[in-house]
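Working notes for the structure below.
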Protein chains: 2
Amino acid sequence: MNHCPDLHGLMARMGVISFSFLQACGCSMKKSTGVTLIEVAKKAGVARMTASRALSGDGYITEETKAKVLAAAAELGYTPNALARAMKGGRTNVIGAVVNDLASTVINAYVTELSAEVRRHHMDLFIYNAVDDFSLANGQRLDQLLNGLWDGLIYVMPRMSDEYLAMLEQSSRPVVLINYCKQVTGLPVINGDNFNGARDATHHLIDLGHRRIAFIRGFGYTGQSEERERGYRAALDDAGIVFDPELVQQGDFSLLSGAEATERLLGMANRPTAIFAANDEMAAGSMQVLQAAGLTLPQQVSLIGFDDAPIASFVQPKITTLRHPIGAMAKAAVQELLLRINNEPGRRQRVEFPSEFLVRESTAAAPPHP
Amino acid sequence: MNHCPDLHGLMARMGVISFSFLQACGCSMKKSTGVTLIEVAKKAGVARMTASRALSGDGYITEETKAKVLAAAAELGYTPNALARAMKGGRTNVIGAVVNDLASTVINAYVTELSAEVRRHHMDLFIYNAVDDFSLANGQRLDQLLNGLWDGLIYVMPRMSDEYLAMLEQSSRPVVLINYCKQVTGLPVINGDNFNGARDATHHLIDLGHRRIAFIRGFGYTGQSEERERGYRAALDDAGIVFDPELVQQGDFSLLSGAEATERLLGMANRPTAIFAANDEMAAGSMQVLQAAGLTLPQQVSLIGFDDAPIASFVQPKITTLRHPIGAMAKAAVQELLLRINNEPGRRQRVEFPSEFLVRESTAAAPPHP
DNA sequence: ATGAAAGCGCTAACAG
DNA sequence: CTGTTAGCGCTTTCAT
């Protein structure tokens, strides 16, 4: 970039950019690509290969030559081109995290943990926010984009079509899925337990004397809401409580949808005494509506959420909820992915981490029968 | 990968991985690198270049040959290697967004908008969460990592050392900063207005009759808190109110720190009647403490935040706040970056977008003098 | 311990 | 319209 400073400056001052001219004088136009190894080698008076060895640190080399090369590199401000390096070695040391909705606090938590964990392995994490679902068309675009740029991919709570999943299974690229339980897949999956957690939570409500317990669903992209609902129903079955489909209301994981579902529940002749929402945002929305209706928590209504989102401990009373061990799961996901990247046999195909039940202030004994 | 399925399978079943063996039979070990252009060309019975043209879409080519190539590519499951492509063309069509704390809802909002905007330009956004600050050492690591992998970088609310900033300025790589007002820089900067917004907000309080107005600071990494404080003080000056340094309390942008700062304010002999927090999280923390102390908002105390974070409209009463036009800023940042990537003269070096003042429910007339 | 050659996968530039 | 040549920046392999 410093071959033609005067001309460059002159042209700039003239407000003119002449491509061929800049090319001719040695200024690369296509990209501010910086100095290359060959220039370092020339400056140090050695061969390209020697310079490479000096900078990479491996292979035999005299301390003296090494110092010479390093000095030249420093002086020229040399930075190796990751692209070229990866093309030879086949590794970029970059792992991709693919998500559908980065704004979700839960997804965010996973990504943050993944970032830290990947760093511990001296690699880096790039996050890709695929705003839309993974349809096959989108998927193929994504696939092309990803090809070569990273060593492996972690899909966090992916919303993917069956066709996209199938494509992923066929591709031999290293991939790990986090919290995908919509269907079985041959891909390695790290899941937090939803079924048993939800079952425990519902049992907790039953033990407190609740009989009419509502469930607010989220949407079904990853299958997590379904698993939670399955746990809810299993607990009812365990206790011999007849399932009332009216008590299950559809939401979409948003606060507003939790509020709306709760309004529908309050409109019922035979209201529930407890509500289990498939996530904390919906539980918070539910709480707003309950309190606005003059009901006190937990005396008159009990409430349970899921995920241990920040909002669960912000509201009054703090919401009883369930937590997945996000740190441990991120660690496991990276570990599995690395095994696959190194072509070692993956240890586990499908792991389920137990969830933790956090009893806080939103659950209490059912009010006496009217 | 399908050159030696039997042997591969056999070895796997034996629990043995022999690198040289796999190499010898044509299975690439370094990466599941997929089929290359040359294989597609061979299958289609054309030259490599013809295949390239057929797939890239430009250049003259018969429909017939094109179809042949596309068919071959589809059959082989060919995906172009982005690395190799970028190395020639010098473009990856990928833009990087670099942040320090992805968990921040504000940063998150910017990144989400950037994602969408970049997509509109038929490029993709990779997000890099640098958990630490940008020290020079970190920076150089980052710099190497980034080199070649993307066409340009957007730093969103970066916490960077002066040395790192200097390095960034020297480097000729396309870079844009969002919300960095800690110091002047030659780099293109897209800022939301903090000074005038804060001044307006404080004037609003003064107009409501408040005279003792507290300010809760955030930390000073980006200079935004300082600008907001400057606006606060300017409004006091405008109104001829003597500045009381005791009324400025240090926080760190977290909810908890806002709560703690408010406790200190409540401990004062001459309490403020209004509080202006440098962001909404701190305002929410402040509200918790105020309400816990039995004070009703906005009748007894007025409260203003900044950023229009989700929590501001979740709490009761909803917090009066200020909003930066995040969408427009993201758009501008991408536009400026693209100009730089294309080596066109950047239109604007430093842009400041006006902020919007959102009067909600947490501000009212000052209580009558005791 | 150093250097020369070859090539990763792709595409501009020039021939035919 | 298609093929050939050359080369992006780097490293692996082999020779010195």
Side-chain angles (χ1 to χ4, degrees), chain A residues 19-20 23-24 26-42 44-69 73 76 78-93 144 146-149 151, chain B residues 19-20 23-24 26 28-42 44-69 73 76 78-93 144 147-149 151:
Chain A
F19 184 83
S20 56
Q23 280 270 351
C27 289
S28 163
M29 196 66 182
K30 50 192 202 85
K31 204 163 187 174
S32 27
T33 186
V35 329
T36 79
L37 190 54
I38 207 159
E39 301 176 48
V40 175
K42 201 177 293 172
V46 294
R48 204 167 61 210
M49 198 49 229
T50 312
S52 169
R53 269 192 279 259
L55 291 161
S56 306
D58 50 36
Y60 302 105
I61 196 160
T62 331
E63 278 306 323
E64 194 189 324
T65 7
K66 188 169 178 175
K68 237 178 0 187
V69 172
L76 264 52
Y78 168 78
T79 7
N81 183 321
L83 244 50
R85 206 172 239 186
M87 223 167 114
K88 283 299 303 183
R91 284 283 172 81
T92 58
N93 282 322
Q144 260 177 253
L146 306 179
N147 193 10
L149 279 186
D151 295 342
Chain B
F19 183 82
S20 57
Q23 280 269 349
S28 162
M29 196 67 181
K30 48 187 213 67
K31 203 165 189 175
S32 31
T33 183
V35 328
T36 79
L37 190 55
I38 206 159
E39 302 175 49
V40 175
K42 201 179 292 172
V46 294
R48 205 167 61 209
M49 197 51 225
T50 311
S52 169
R53 268 193 277 258
L55 291 161
S56 306
D58 50 36
Y60 302 105
I61 199 162
T62 332
E63 277 308 321
E64 194 188 324
T65 9
K66 188 170 178 176
K68 239 181 358 192
V69 173
L76 264 53
Y78 168 78
T79 9
N81 183 321
L83 242 50
R85 210 172 237 186
M87 222 167 117
K88 281 299 301 182
R91 285 283 171 83
T92 59
N93 282 323
Q144 260 177 254
N147 192 10
L149 277 186
D151 296 341

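These numbers come from the heavy atoms of this one structure, side chains and all, not from hydrogens, waters or symmetry mates. Small disclaimer: the values here were computed from a predicted structure and weren't measured. The chains referred to below are lettered A, B, ... by the order of the sequence lines, with proteins before strands, and numbering in each begins at 1.
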When you compare the protein's N or O atoms with those of nucleotides 3-7 of chain C, which come within less than 3.5 Å of each other, and at what distance?
unit_1 : atom_1 : unit_2  : atom_2 : d
C:dG3  : OP2    : A:Ala47 : N      : 3.0
C:dG3  : OP2    : A:Thr50 : OG1    : 2.3
C:dG3  : N7     : A:Arg53 : NH2    : 2.7
C:dG3  : O6     : A:Arg53 : NH1    : 3.4
C:dG3  : O6     : A:Arg53 : NH2    : 3.2
C:dA6  : N6     : A:Arg48 : NH2    : 3.3
C:dG7  : N2     : A:Lys88 : NZ     : 3.2

Closest heavy-atom pair and its distance - B:Met87, A:Ala84
SD-CA, 3.7 Å
Please enumerate all residues that pass side-chain hydrogen bond (donor to acceptor under 3.5 Å, both in side chains) together with B:Thr65, with sequence neighbours excluded.
B:Thr62
All heavy atoms of B:Val69 vs all of B:Ala44, minimum pair found to be CA-CB, 3.9 Å
Length of the line joining A:Leu83:CG and C:dC8:C1', which is rounded to integer Å:
12 Å
Output the rounded distance in Å from CE (B:Met87) to P (C:dA12).
14 Å
Rounded to whole Å, the OH-P distance (B:Tyr60 to C:dC14) equals 15 Å
C:dT2 phosphate, OP1 or OP2, under 4.0 Å from A:Thr62 side-chain N/O
yes
Rounded to the nearest 0.5 Å, what separation is found between the CD1 atom of B:Ile61 and the CE atom of B:Met49?
9.0 Å
With heavy-atom distances below 4.5 Å as the criterion, would you say the side chains of A:Leu37 and A:Leu55 are in contact?
yes
Could you list the residues that satisfy side-chain contact (heavy atoms from CB on, under 4.5 Å) with A:Ile38, not counting sequence neighbours?
A:Thr36, A:Arg48
Measuring from atom OH of A:Tyr60 to atom CZ of A:Arg53, what distance do you get when rounded to the nearest 0.5 angstrom?
11.0 Å
Rounded to whole Å, how long is the line connecting atom CG of B:Asn81 with atom C1' of C:dT11?
13 Å
Nearest whole Å is fine: how far is D:dG9 P from A:Tyr78 OH?
10 Å
Rounding to 10°, can you tell me the angle the first-five-pair axis of the helix from C:dA1-D:dT16 to C:dG16-D:dC1 makes with its last-five-pair axis?
40°
Quick one: B:Ile38 CD1 to C:dT11 C1', roughly how many Å, whole number?
13 Å
What is the distance, to the nearest angstrom, from the CG atom on B:Leu37 to the P atom on C:dT11?
7 Å
Using whole Å, report how far CG of B:Asn93 lies from P of C:dC10.
16 Å
